[in-house]
Amino acid sequence: MNPTESLSFLHDFLFNITFHFVGDVPMSSLVKTRFAPSPTGYLHVGGARTALYSWLFARKNADNGKFILRIEDTDQVRSTAESAAGILSDLQWLGLNWDEGPVVGGAKNEYFQSMRLDLYNKHLAELLAKGLAYEAYESTAQLTAMRQAAEKEKRAFRYRRDMPGRQLAAQEGVKPVVRFAMPYKDITVNDLILGNVTVTGSEHDDIVIRKSDGFPTYHFAVVVDDHYMCITHVLRAQEHFMNTFKHIGLYEALGWLPPQHGHLPLVVNADNSKMSKREKAKAVRAEIQKAGIKDFTDLAAKSGLGLKDLQDFMAKKTDAVEFAVKLAPLLGPVSSGGLKLPEIDVQDFRRSGYLPEALLNFVALVGWAPGGDREIVSSQELLDLFSLDGIQKTPGRFDRKKLAWMNGEYIRKASLDRLLEVLEQFNAVTDYPIKKADRSVQREILTMYQERMVTLAEMAENARFFFEEPTMDPKAVEKFITKNDGRTFLQSAQAILSAVGGPWSKDNIAAPLEQVLALGEKRGAAAQPIRVAISGNSVTPPLLETLALLGRETTLVRMAKALAM
RNA sequence: GCCCCCAUCGUCUAGCGGCCUAGGACGCCGCCCUCUCACGGCGGUGACACGGGUUCGAAUCCCGUUGGGGGUACCA
């Protein structure tokens, strides 16, 4: 018995054990799940949820549950190493650690499909030899024509080995593909979430399992790998559901037992559209239209994009994320960094200053409920409560407002040390002025904002005035300085505060500040002019802490400047 | 078009034949607290898609209609 055969045997052996016990004693049966992203972009929040559920399902079985990470890079054109690295880093940030896979290694030691070509080819040859797979010689153009013809006649196009009009011999310049001879029989999937579903034999088609470039397709690689890696439970997005019938056919042809499958509902946008990176392009286009920009020459020059590219982008010929990213800073409220693109990928949320635990908690609740009236659920509790029973069958909308609330909850409950730690991670991927501040100053600011921020990005933005000259909001200046006795209050405040003796500390300025706040008919009427003078805005943390951190000189200079306005 | 899945407040959901004049959370609205903004507290708005069955009894079971989602690639 060679190593792969023995592994295969081991799989069957282990699988049989779980097979009998599923539903009876799940805690003691072996569970092995995997997350298998294709490295063609960043890790999407939907993907993060799939990973989380798979992770939870495996980790629940603390004794013998295993969670595997596998990179499905069979698409040579779109896969990139950077993307794979990004996905790994996002998973790590979320705390979803894996037992086998890239970096950590494992039994198979090859967790990139592109490294496993020999294995796929071996089984491909086996299927070919048994007549369970065959070469097909159509060109892409021929296939397209066949499809169009079928559509014209209003019938479904299915490639089958006995269909009329097949290209029966190899053609010059066309490399053949290998197709799987899908059996003509009904196939039933016992889905862990959707239940028993049967697809009639006549509905199947002979899918491509090896592309003309020699790489296996997803369908083939996934079956081979899930088998060799001894995966017992496959949890994946519902978009894969119809594939499962083909995969079952493949398992049978290879003489293997299929794992259990569970298909997760999709995570969609508020308008029911699939949540995708396209959102970013959409947001940018909408903003350009809103601004009424018809001539793109200027915008193209400023963004560094070609005019043709920009025109194509606007004509929806491309949804390139890179374009959207280049254009966003030039649009919307330019003074505060331009148009904010919608967060779609995990790293977007990271840059916006969401806490990984909050994102995880939130994403867990889209499509699953722990039962009872629980909302805030820690990872540990998630592990205790998670069950496939609570998973919804309908697509779940991604409600950013609720995520924002939840992030705020986590921030308020976090210890200052945790917050500092999270800020450090946040600073590593962003460039706000707080990044360069001393740790003690960061601590002060975090304390001030803990109860009033929703994201770290919001805090970092609002706290800018501690580090740089504030940009004065004209409306606030008019309302609180020019009008409503603003100057009078400011003058008194200046007089009182400049008389503060000793060090400029909270203790020393508390009483004078109280004196200022007592000015005017309503207590605190004098607060707003000061706020605007020091921050340019009518909203800041409480004045005492704010002034203390700002320092004597900055406070007084800014007040003088405001008085001169 | 064809195949598959699904259907409770705007959103995420609880509910698995009587406990439901349908509960919670986010959002939204109002009030209180208050130096601004938040936080916090209190209250309010708001749903069983529709039509047939089954049953003493249906949000819960069955059928149909409508609606939504997924699939229909040499992408995963």
Side-chain angles (χ1 to χ4, degrees), chain A residues 36-38 40 72-75 77-79 136 138-140 143-144 147 150-151 153-158 175-179 189 191 193-195 197-200 202-205 207-213 215 217-219 221-222 236-243 245 263 265-266 268 270 272-274 362 365-376 389-390 392-406 408 412 449-454 462 476 480 513-514 516-518 520 522-528 530-532 535 537-544:
Chain A
S38 74
T40 54
E72 310 220 319
D73 55 348
T74 51
D75 185 338
V77 180
R78 296 193 302 155
S79 297
E138 286 81 9
S139 65
T140 314
L143 248 17
T144 312
R147 252 177 223 116
E151 199 179 331
E153 292 168 34
K154 294 212 165 193
R155 73 191 153 75
F157 174 72
R158 293 187 189 88
K175 283 189 183 160
V177 297
V178 173
R179 285 182 184 268
V189 169
D191 192 86
I193 292 158
L194 298 175
V197 182
T198 302
V199 166
T200 320
S202 58
E203 296 293 334
H204 305 315
D205 56 358
I207 49 165
V208 172
I209 53 176
R210 186 181 67 195
K211 305 181 230 182
S212 53
D213 66 1
F215 270 57
T217 57
Y218 160 74
H219 303 295
V222 80
R236 42 143 76 138
Q238 236 172 61
E239 61 193 9
H240 286 297
F241 186 59
M242 298 304 280
N243 293 335
F245 300 90
H263 288 89
L266 259 34
V268 299
N272 273 352
S273 61
K274 205 165 150 179
F362 175 73
L365 260 35
V366 179
W368 174 79
D373 293 331
R374 316 271 277 115
E375 301 288 339
I376 302 294
D389 297 340
Q392 233 57 13
K393 296 179 182 176
T394 46
R397 258 130 300 223
F398 193 87
D399 182 357
R400 289 162 196 287
K401 288 250 179 77
K402 187 159 182 177
L403 201 217
W405 162 77
M406 195 170 274
R412 269 167 254 132
Y449 280 93
Q450 184 165 22
E451 283 200 341
R452 62 197 94 239
M453 69 167 137
V454 163
N462 290 339
F480 296 111
L513 183 61
E514 271 308 307
V516 173
L517 292 178
K522 275 201 292 186
R523 182 183 146 75
Q528 288 307 78
I530 301 176
R531 225 184 289 275
V532 176
S535 75
N537 211 293
S538 58
V539 177
T540 76
L543 243 21
L544 180 62

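Letters A, B, ... are given to chains in the order of the sequence lines, protein chains preceding strands, and every chain is numbered from 1. Treat the numbers as computed from the prediction; the structure is a model and nothing was measured.
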- Is A/H240 touching bases, backbone alone, or none of the nucleic acid, heavy atoms closer than 4.0 Å? base
| said: Categorize A/R78 for me: base, sugar-phosphate, or nothing, with a 4.0 angstrom heavy-atom threshold over every strand shown. | reply: base
Exercise. With sugar-phosphate meaning primed atoms plus P, OP1 and OP2, does A/L194 contact a base, only sugar-phosphate, or nothing at under 4.0 Å between heavy atoms?
Worked result: sugar-phosphate
Sugar-phosphate, base or nothing in reach of A/R374, heavy atoms under 4.0 Å:
nothing
May I ask you to say what A/R523 touches in the nucleic acid, namely base, sugar-phosphate or nothing, with a heavy-atom cut-off under 4.0 Å? sugar-phosphate
Per nearest nucleotide of RNA chain B, the residue lying toward the 5' end, A/L266 or A/T540, is A/T540
Legend entry - P gap between B/A59 and B/U65, integer Å: 23 Å
Determine: side-chain N/O of A/R397 to OP1/OP2 of B/U13, distance under 4.0 Å, yes or no. no
**Request:** Please state whether the phosphate of B/C75, meaning OP1 or OP2, lies under 4.0 angstrom from any side-chain nitrogen or oxygen of A/K211.
**Result:** yes
- So what does A/P37 hit on the nucleic acid, given a heavy-atom distance under 4.0 Å: a base, only sugar-phosphate, or nothing? nothing
Look at all strands and tell whether A/R155 reaches a base, only sugar-phosphate, or nothing, counting heavy atoms closer than 4.0 Å. nothing
**Request:** Please measure how far the P atom in B/A58 lies from the corresponding atom in B/C19, and state the result in whole Å.
**Result:** 11 Å
task = Write down the distance separating the C1' atoms in B/C4 and B/U45, rounded off to the nearest Å.
result = 38 Å
Q: Please measure how far the P atom in B/G17 lies from the corresponding atom in B/G70, and state the result in whole Å.
A: 32 Å
Under 4.0 angstrom, heavy atoms only, what part of the nucleic acid is A/E153 near: base, sugar-phosphate, or nothing? nothing
| request: Check every strand shown and say whether A/Q392 touches a base, only sugar-phosphate, or nothing at a heavy-atom separation below 4.0 Å. | output: sugar-phosphate
Which of B/C26, B/C5, B/C74 is nearest the side chain of A/K401? It is B/C26
Q. What about A/R452: does its side chain form a donor-acceptor pair under 3.5 Å with the base of B/C39?
A. no
Closest to the 5' end of RNA chain B, once A/G367 and A/E72 are matched to their nearest nucleotides, is A/G367
The nucleotide from B/C39, B/C2, B/C12 with an atom nearest the side chain of A/E451 is B/C39
By the Watson-Crick or G-U definition, both distances under 3.5 Å, B/G18 is matched with B/C56
Could you walk me through whether A/Q392 and A/W368 satisfy the side chain to side chain contact (heavy atoms under 4.5 Å, CB included) test, starting with their C-alpha distance in whole Å, then the side-chain angles of each, then the deciding distance to 0.1 Å, before giving a yes or no?
CA-CA 6 Å; A/Q392 233 57 13; A/W368 174 79; over 6 Å; no
Using the C1' atoms only, state how far B/C48 lies from B/C35, rounded to an integer number of Å. 48 Å
Whole-Å distance, A/F157 CZ to B/C2 P, equals 18 Å
**Message:** Once you apply a heavy-atom cut-off of 4.0 Å, does A/R236 come out as touching a base, just sugar-phosphate, or nothing?
**Reply:** nothing
Next item on the list: Using a 4.0 Å heavy-atom cut-off across all strands, classify A/Q238 as base, sugar-phosphate, or nothing.
Entry: sugar-phosphate
- Taking atom types as they are modelled, is there a donor-acceptor pair under 3.5 Å from the base of B/C6 to the side chain of A/T394? no
pair A/Q238-A/L194: side-chain heavy atoms closer than 4.5 Å: yes
At 4.0 Å (heavy atoms only), tell me whether A/P265 reaches a base, stays on the sugar-phosphate, or touches nothing.
nothing
| request: Consider only side-chain N and O atoms of A/R158 and A/H204, and report whether a donor and an acceptor are under 3.5 Å apart. | output: no
Could you verify whether a donor N or O on one side chain and an acceptor N or O on the other, from A/R531 and A/S538, lie under 3.5 Å apart? no
**Item:** Sugar-phosphate only, base, or nothing, as touched by A/N243 at under 4.0 Å among non-hydrogen atoms
**Value:** base
Within the structure shown, what part of the strands sits under 4.0 Å from A/T74 by heavy-atom distance: base, sugar-phosphate, or nothing? sugar-phosphate
(message) Side chains of A/Y218 and A/N243, heavy atoms from C-beta outward: is any pair under 4.5 Å?
(response) yes
Next on the checklist: Between B/U8 and B/G24, how far apart are the two C1' atoms, rounded to whole Å?
Outcome noted: 13 Å
task: For nucleotides B/C74 and B/C16, find the distance between their C1' atoms and express it as a whole number of Å.
output: 46 Å
- Take atom P in B/C31 and the same atom in B/A38, then report the distance between them in whole Å. 14 Å
A/D205 atom CG is separated from B/C2 atom C1', nearest whole Å, by 12 Å
By the Watson-Crick or G-U definition, both distances under 3.5 Å, B/G30 is matched with B/C42
- Message: With salt bridge (Lys or Arg N to Asp or Glu O under 4.0 Å) as the criterion, how do A/R523 and A/E514 come out once you've worked through the C-alpha distance, each side chain's angles and the decisive distance to 0.1 Å?
- Response: CA-CA 10 Å; A/R523 182 183 146 75; A/E514 271 308 307; 3.0 Å; yes
